[in-house]
J.: 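Dumping the structure here so I can ask a few things about it.
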Amino acid sequence: MLNLYPERRTKPNMLGAFDAVLWARNWAVIDDVLDTFAVNEVLGAWGNPPNHTIREALKRTRTALHARGTRVYHFGTLTKSGSPRHPTPRGAVWNISGSKRYLA
């Protein structure tokens, strides 16, 4: 599992303002992991990001994944806004049945 942004909070609305340098350092680690293990597709599971920090990290991460040719897939249904569902609340059953589908 790799996070879109390296800062974490129990309550996402408590995250600090988006930091482009921090995101870039996080992306460099993600990019290295993907290269090291020759990954060409990833399971997306971000749900509906609750604040600007995560939405900006998502936008930049999706752009970076696309630029490197890494496809994003999901299982089950998308949220109303078209995002792959996040496995919350913790401890709940996460439905990942059915066929693998790719995001555009």
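Only heavy atoms go into these numbers, but all of them, side chains included; no hydrogens, no water, no symmetry mates.
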J.: Going by salt bridge (Lys or Arg N to Asp or Glu O under 4.0 Å), name the residues that satisfy it together with Arg60, two or more places apart in sequence or in a different chain.
T.: Glu56
J.: Please identify each residue that fulfils side chain to side chain donor-acceptor pair (under 3.5 Å) with Asn13, with sequence neighbours left out.
T.: none
J.: Determine the minimum heavy-atom distance between Leu34 and Arg68, stating which atoms define it.
T.: CB-NH1, 3.5 Å
J.: Would you please say whether a donor-acceptor pair under 3.5 Å links the side chains of Thr70 and Asn40?
T.: no
J.: With a cut-off of 6.0 Å (strictly less than), are more than 12 heavy atoms of other residues, nucleotides or ligands near NZ of Lys80?
T.: no
J.: Please list, one pair per line, the donor and acceptor atoms closer than 3.5 Å that link side chains of residues 22-30 to other protein atoms, with sequence neighbours excluded.
T.:
from: Trp23; atom 1: NE1; to: Thr61; atom 2: OG1; distance (Å): 3.0
from: Asn26; atom 1: ND2; to: Asn3; atom 2: O; distance (Å): 3.0
from: Asn26; atom 1: ND2; to: Leu4; atom 2: O; distance (Å): 3.3

J.: Taking all atoms of both residues into account, what is the closest heavy-atom pair of Gly44 and Pro84, and its distance?
T.: O-CB, 3.2 Å
J.: Phe75 and Arg101: side-chain contact (heavy atoms from CB on, under 4.5 Å), yes or no, with the steps?
T.: CA-CA 6 Å; Phe75 291 103; Arg101 296 182 198 108; over 6 Å; no
J.: What residue among Arg62, Arg55, Arg85 forms side chain to side chain contact (heavy atoms under 4.5 Å, CB included) with Trp46?
T.: Arg62
J.: Is there a donor-acceptor pair under 3.5 Å between the side chain of Tyr5 and the backbone N or O of Asp19?
T.: yes
J.: For a quick test of reading the model, state the closest non-hydrogen atom pair linking Gly47 to Ser83 and the distance between them.
T.: O-CB, 3.1 Å
J.: When you look at Leu65 and Val72, which way does the side-chain contact (heavy atoms from CB on, under 4.5 Å) test go after all the steps?
T.: CA-CA 8 Å; Leu65 287 168; Val72 179; 3.8 Å; yes
J.: For the CD atom of Glu7 and the CG atom of Leu15, what is their distance to the nearest 0.5 Å?
T.: 4.5 Å
J.: So for atom OH, which belongs to Tyr102, do other residues, nucleotides or ligands contribute more than 12 heavy atoms lying within a distance under 6.0 Å?
T.: yes
J.: Counting distance only, does the side-chain N/O of Thr53 pair as donor-acceptor with the main-chain N or O of Gly16 below 3.5 Å?
T.: yes
J.: So, the side chain of Asn51 versus the backbone of Ile54: is there a donor-acceptor pair under 3.5 Å, distance only?
T.: yes
J.: Which heavy atom of Leu103 sits nearest to which heavy atom of Gly82, and what is that distance?
T.: CD2-O, 4.4 Å
J.: Counting distance only, does the side-chain N/O of Glu41 pair as donor-acceptor with the main-chain N or O of Tyr73 below 3.5 Å?
T.: no
